[in-house]
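Predicted, not measured: the structure shown is a model, and the values here were computed from it. A note on names: the letters A, B, ... follow the listed sequences, proteins ahead of strands, and every chain is numbered from 1. Excluded from the calculations below are hydrogen atoms, water molecules and symmetry mates; all remaining heavy atoms, backbone and side chain alike, are included.
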2 protein chains.
Amino acid sequence: MMKSAQVVKALSALAQPTRLGIYRLLVERGPEGMAAGQVAEKLKVSPATLSFHFKTLSHAGLVEGRQEGRFIYYAANFAVMNGMVAYLTENCCGGAPEACKPKK
Amino acid sequence: MMKSAQVVKALSALAQPTRLGIYRLLVERGPEGMAAGQVAEKLKVSPATLSFHFKTLSHAGLVEGRQEGRFIYYAANFAVMNGMVAYLTENCCGGAPEACKPKK
DNA sequence: CTGATACTTTAATAATTGTTTAACAATGGA
DNA sequence: TCCATTGTTAAACAATTATTAAAGTATCAG
């Protein structure tokens, strides 16, 4: 179970265009992740700015970095986002969640 | 399909403790919604502050208000949140989304 | 060891955001 | 009509956040 403050932190982290782009890129990439420099190049973000944003994302638990030689690979942490979504939809419609589900 | 800017707006709206509380309360309540005053009382928020937050939430499309006599009932708009979640998980793991799904 | 690469940290500035107080509509009962 | 109720708006202030530039750390190839 996630706590409110944790969820706010995760939402704040994603509520910024650059960070949302970073996160989506990492989601698409999957568990293998992507080196910081590749992300910088792909999204046209300066290293300092990117580093700042990675710090925000990883402090929120949404991404994790692992060092590999000179590179740092960042990967999305899916558990945290799933927890966030679960928190948002908790007790939906007083327990009768017909109205909440996405129509497929 | 939701656009990036729309998603950022929705995430920003939820990325604040008071608004997250408001939203969760409305999610729990379902389509019927809840009068602004009831929300204010339940969450111990001043009317002016609450009004400010409702504006932010409805501008993001996350809630909708309907006037009923002297009251305004606010209700969660589930389609927008579902769209937001879909945007976040799009193309997860390059199309092989084993790692992204919540374990049930 | 030296120099280049990969990334982070710090400090300064600019912009955004949240809260409060006070004043302002609009609705409806007496 | 009068007045209390319900909620919104505007202005001011404090706090948070994003970006840039410059300096700093760590790894590796030669």
Filter on salt bridge (Lys or Arg N to Asp or Glu O under 4.0 Å), then keep only pairs touching [range], sequence neighbours left out; what's left?
| range | value |
| --- | --- |
| residues 36-54 of chain A | none |
| residues 77-88 of chain A | none |
| residues 52-72 of chain A | A/Arg66-A/Glu68 |
| residues 16-34 of chain B | A/Glu90-B/Arg24 |

Contact boundaries on DNA chain C for chain A, cut-off under 4.0 Å to non-hydrogen atoms =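 It runs C/dT5 to C/dT9.
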With A/Cys92, which residues qualify under disulfide (SG to SG under 2.5 Å), at least two apart?
->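 In terms of disulfide (SG to SG under 2.5 Å), with neighbours along the sequence ignored, A/Cys92 is linked to A/Cys100.
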Is a donor on one side and an acceptor on the other found under 3.5 Å between the side chain of A/Ser12 and the backbone of A/Val8?
->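 Such a contact is found between A/Ser12 side chain and A/Val8 backbone.
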Could you state the atom-to-atom distance from CZ of B/Phe71 to C1' of D/dA4 in whole Å?
->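 Taking atom C1' of D/dA4 as the reference, CZ of B/Phe71 is at 12 Å.
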Using whole Å, report how far CG of B/Leu57 lies from P of D/dT8.
->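 Roughly 12 Å, once rounded to whole Å.
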Please identify each residue that fulfils ring-ring contact (aromatic ring centres under 6.0 Å, His included) with A/Phe78, with sequence neighbours left out.
->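 With sequence neighbours excluded, A/Phe78 shows a ring-ring contact (aromatic ring centres under 6.0 Å, His included) to no residue whatsoever.
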May I ask you to evaluate whether B/Tyr73 reaches the phosphate of D/dT6, defined as a side-chain N or O under 4.0 Å from OP1 or OP2?
->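 For D/dT6, neither OP1 nor OP2 has a side-chain N or O of B/Tyr73 closer than 4.0 Å.
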Report the residues that fulfil side chain to side chain donor-acceptor pair (under 3.5 Å) with A/Thr49, sequence neighbours left out, ordered by chain and then residue number.
->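 A/Thr49 satisfies side chain to side chain donor-acceptor pair (under 3.5 Å) with A/Ser46 only.
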Results of side chain to side chain donor-acceptor pair (under 3.5 Å) for A/Ser4 - residues two or more places apart only |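 A/Ser4 satisfies side chain to side chain donor-acceptor pair (under 3.5 Å) with no residue once adjacent residues are dropped.
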Sugar-phosphate or base contact per nucleotide [nucleotides 18-30 of chain D; S, B, -; heavy atom under 4.0 Å] = BBBBB----BS--
Contact list for DNA chain D against residues 29-42 of chain A - heavy-atom distance below 4.0 Å |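 The stretch gives none, as no residue of it lies under 4.0 Å from the strand.
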Only pairs at least two apart or in different chains count here, so list each ring-ring contact (aromatic ring centres under 6.0 Å, His included) that has a residue in residues 26-55 of chain A.
->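 Qualifying pairs: A/Phe54-A/Tyr74.
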